[in-house]
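Reading through the structure tokens given below for one structure.
Hydrogens, waters and symmetry mates are skipped; everything else that's a heavy atom, side chains included, is used. All values derive from a computational prediction rather than experimental measurement.
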Amino acid sequence: MKSSVQAVKGTRDYYPEEMGLRNLLYSTARAVSESFGYQEWDSPFLETLDLYAAKSGEELVKEQAFVFPDRGGDLITLRPELTPSLARMVAQRQRQLVYPLRWWSWGPCWRYERPQKGRTREFFQWNVDLIGVDSPQADAEMIALAASFIRQIGLQPSQVSILVNNRALISSELSRMGVPTEKSKQVFRLIDRRDKMSSESWEAYALELGLNPDQLQGLKNLLADQELWRKSPDLTACFDLIEALGLKDYVRFAPQIVRGLDYYTGTVFEAWDNDGEFRAILGGGRYDNLVAAVGGDPLPAVGFAMGDLVVSLVLKKFKALPPDLGASPAKVLVTVFDESSLHSSFAVAADLRRHGFPTAVYPEVAKLSTQLKYGDRMGFWVILMLGPDELAQDQITIKDLRRGEQQTIPQAELVEQLRYLLPPPA
RNA sequence: GUGGGUGUAGCUCAAUGGCAGAGCACCUGACUGUGGAUCAGGUGGUUGUGGGUUCGACCCCCAUCACCCACCCCA
């Protein structure tokens, strides 16, 4: 029934199955990051409020971050994202680090928001950044790394795409249409909302911003122009490299992607499920001003972040999750027949562990059907049985649950048989 | 911060204001050495909580808490 003490609003409990998914995301993020030569870093979960006030949008931080005074009265923030901490750490050692930096991180972040589908107050975020280089090659690598993750986690190009644009390209097109530079920030916001509003209210919003009808039509043409990227040398080079990396199927140009944040300066990208059912799976781009914003010297950078929630929803939707997330980490279960054979069962289990096979042994004497059912439900691959019949002849029975077969063999051949039936020992 | 919805068995959900139910899960047995499948039986409830209306409340009303969805926002 309902427990009297509840979990904190917006948090999740990680039962073994959910922990399996969390670990899958983490291990995949790690594997992909490292395959591109990125190093893991981390920061404190607690930061000063000042760190986030240094960025634009300080009002959002005050309203959406967990902020509380420490005993000395300083305002402490539970980190709502990783990038400001990264910028702080880079600025602190800016002269001693070896560039380009290839850094990745994974960890919990907190935002004080109303929980809803795909959004909790505590979540995990994967962050990847390439710092110190201002080149389309760097942009291409970042997009390719994101695409590699999507492929590695088991999502197909028919299911998920990475949409790429360039803010500098859109800016120059806007000024060519006579949109004043001081309006570009608002127009980016307008573009960002294109798919979130009805076309009538979107056009009304555009005219409200002061666009004339010609400029509005020009903007609509712009957003419909799938070949616009050819006008951008950066995007042209970027797409060419992504093709060389063999990931072109996941990536396409999308002029409506501009990102909501103000600090992006060039290439921007987001990964979406192709039905547009959820929010962006991941998002990022080039941000060449952020390190300077926290007190360092100007340093170009490109990166992206991915929360654990939306990608999990997408994986569930496409049934791309491995079926054994809640299974026992051991593949072998040794049953216990009766009091007199208990010692032998435990000895077999110990011997298998010494040979590198993770092995569980049933922890009490119980009916065999109970033990088999347990083994089945916990996802073991093989169950070992040794009762009076086997023990009398130094034999053991191996039941292969996945094939529904069993055989009785000399105990001396057990390890050899398991090497055949199981993944290689650790 | 704003609006809407839902709270009934472990889970998913039924039940004109009139005996609180089903499916799944679980336990037992059919099957004293064999999981998944089938069949039979069984355990399981202060209907979120507190008030009110009523002869009578899961149902109507008020309050409260929790969760969900959307808006807002998304670093």
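For the atom pair A:D192 CG and A:E270 CD, the distance stands at 7.0 Å (nearest 0.5 Å).
For B:A66, the paired nucleotide is B:U6, the pair qualifying as Watson-Crick or G-U wobble because both relevant distances are below 3.5 Å. B:G1 is paired with B:C71 under the Watson-Crick or G-U wobble criterion, all donor-acceptor distances under 3.5 Å. Pairing partner, B:G21: B:C13, with both Watson-Crick or wobble hydrogen-bond distances short of 3.5 Å. With a cut-off of 3.5 Å on both Watson-Crick or G-U wobble distances, the partner of B:U46 is given as none. Of the nucleotides present, none pairs with B:U32 by Watson-Crick or G-U wobble criteria with both distances under 3.5 Å.
For the residue pair A:Y26 / A:R22, no side-chain donor-acceptor distance below 3.5 Å is found, with atom types taken as modelled. No side-chain donor-acceptor contact under 3.5 Å links A:E122 and A:T11. A donor-acceptor contact under 3.5 angstrom links the side chains of A:D129 and A:Y287, judged on distance only.
B:A20 and B:C58 are spaced 8 Å apart, taking the C1' atom of each and rounding to whole Å. B:C24 and B:G56 have their P atoms separated by 39 Å, with the value rounded to a whole Å. Straight-line distance between the C1' atoms of B:C11 and B:G35: roughly 22 Å, to the nearest whole Å. The same atom, P, is picked in B:A66 and in B:C26; the two are 33 Å apart, to the nearest Å. Using atom C1' as the reference point in both B:G48 and B:U6, the two lie 11 Å apart (nearest Å). Separating the C1' atom of B:A9 from that of B:U47 is a span of 10 Å, rounded to the nearest Å. Rounded to the nearest Å, the gap between the C1' atom of B:A15 and that of B:G21 is 7 Å. Atom C1' of B:G36 sits at a distance of 25 Å from the matching atom of B:G44, rounded to the whole Å.
Going from atom CD of A:E113 over to atom C1' of B:A70 covers 14 Å, rounded to whole Å. Straight-line distance from the CZ atom of A:R114 to the C1' atom of B:A70: 10 Å, rounded to whole Å. In this structure, A:K117 atom NZ and B:C71 atom P are separated by 12 Å, rounded to whole Å. Remark: P of B:U34 and CG of A:L372 are 8 Å apart, rounded to the nearest angstrom. In this entry the distance linking OH of A:Y362 with P of B:U34 reads 15 Å, nearest Å. Rounded to whole Å, atom P of B:G36 lies 12 Å from atom CG of A:L368.
For the OP1/OP2 pair of B:C73 and a distance below 4.0 Å, the side-chain nitrogens and oxygens of A:R193 include at least one atom meeting the criterion. Distances shown here put a side-chain N or O of A:R189 below 4.0 Å from the OP1 or OP2 atom of B:C74. Phosphate contact (OP1/OP2 of B:G29, side-chain N/O of A:K367, threshold under 4.0 Å): present. Contact between the side-chain N/O atoms of A:Q64 and the OP1/OP2 oxygens of B:C73 is not found at any separation under 4.0 Å. Using a 4.0 Å cut-off, no side-chain N or O of A:K9 falls inside it from OP1 or OP2 of B:A66.
The distance between the ring centers of A:W126 and A:F304 falls below 6.0 angstrom.
Remark on RNA chain B: of its neighbouring residues A:D400 and A:Q125, the 5'-side contact belongs to A:D400, judged by nearest-heavy-atom nucleotide.
Looking at the side chain of A:K373, the nearest of the listed nucleotides B:G35, B:A70, B:C74 is B:G35. In the set B:C74, B:G36, B:G33, B:C74 carries the atom at the smallest distance from any side-chain atom of A:R111. Among B:G35, B:A70, B:G33, the nucleotide with an atom closest to any side-chain atom of A:S369 is B:G35. Nearest to the side-chain atoms of A:T397 among the listed nucleotides B:A25, B:G33, B:G35 stands B:G33.
Under a cutoff of 6.0 Å and an axis angle of 45°, A:R167 and A:F188 form a cation-pi pair.
Donor-acceptor pairing under 3.5 Å, judged by distance alone, is present between the side chain of A:R119 and the base of B:C73. Residue-to-nucleotide contacts include no donor-acceptor pair under 3.5 Å from the side chain of A:R402 to the base of B:G35. Taking only distance into account, the side chain of A:E390 meets the base of B:G33 through a donor-acceptor pair shorter than 3.5 Å.
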side-chain contact (heavy atoms from CB on, under 4.5 Å) evaluation trace for A:I143 with A:T267: CA-CA 10 Å; A:I143 294 165; A:T267 298; 4.2 Å; yes
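Among the heavy atoms of the strands lying under 4.0 Å from A:Q406 is at least one base atom, whether or not backbone atoms are also near. Nucleic acid contact class of A:R79 (heavy atoms, under 4.0 Å, all strands): none.
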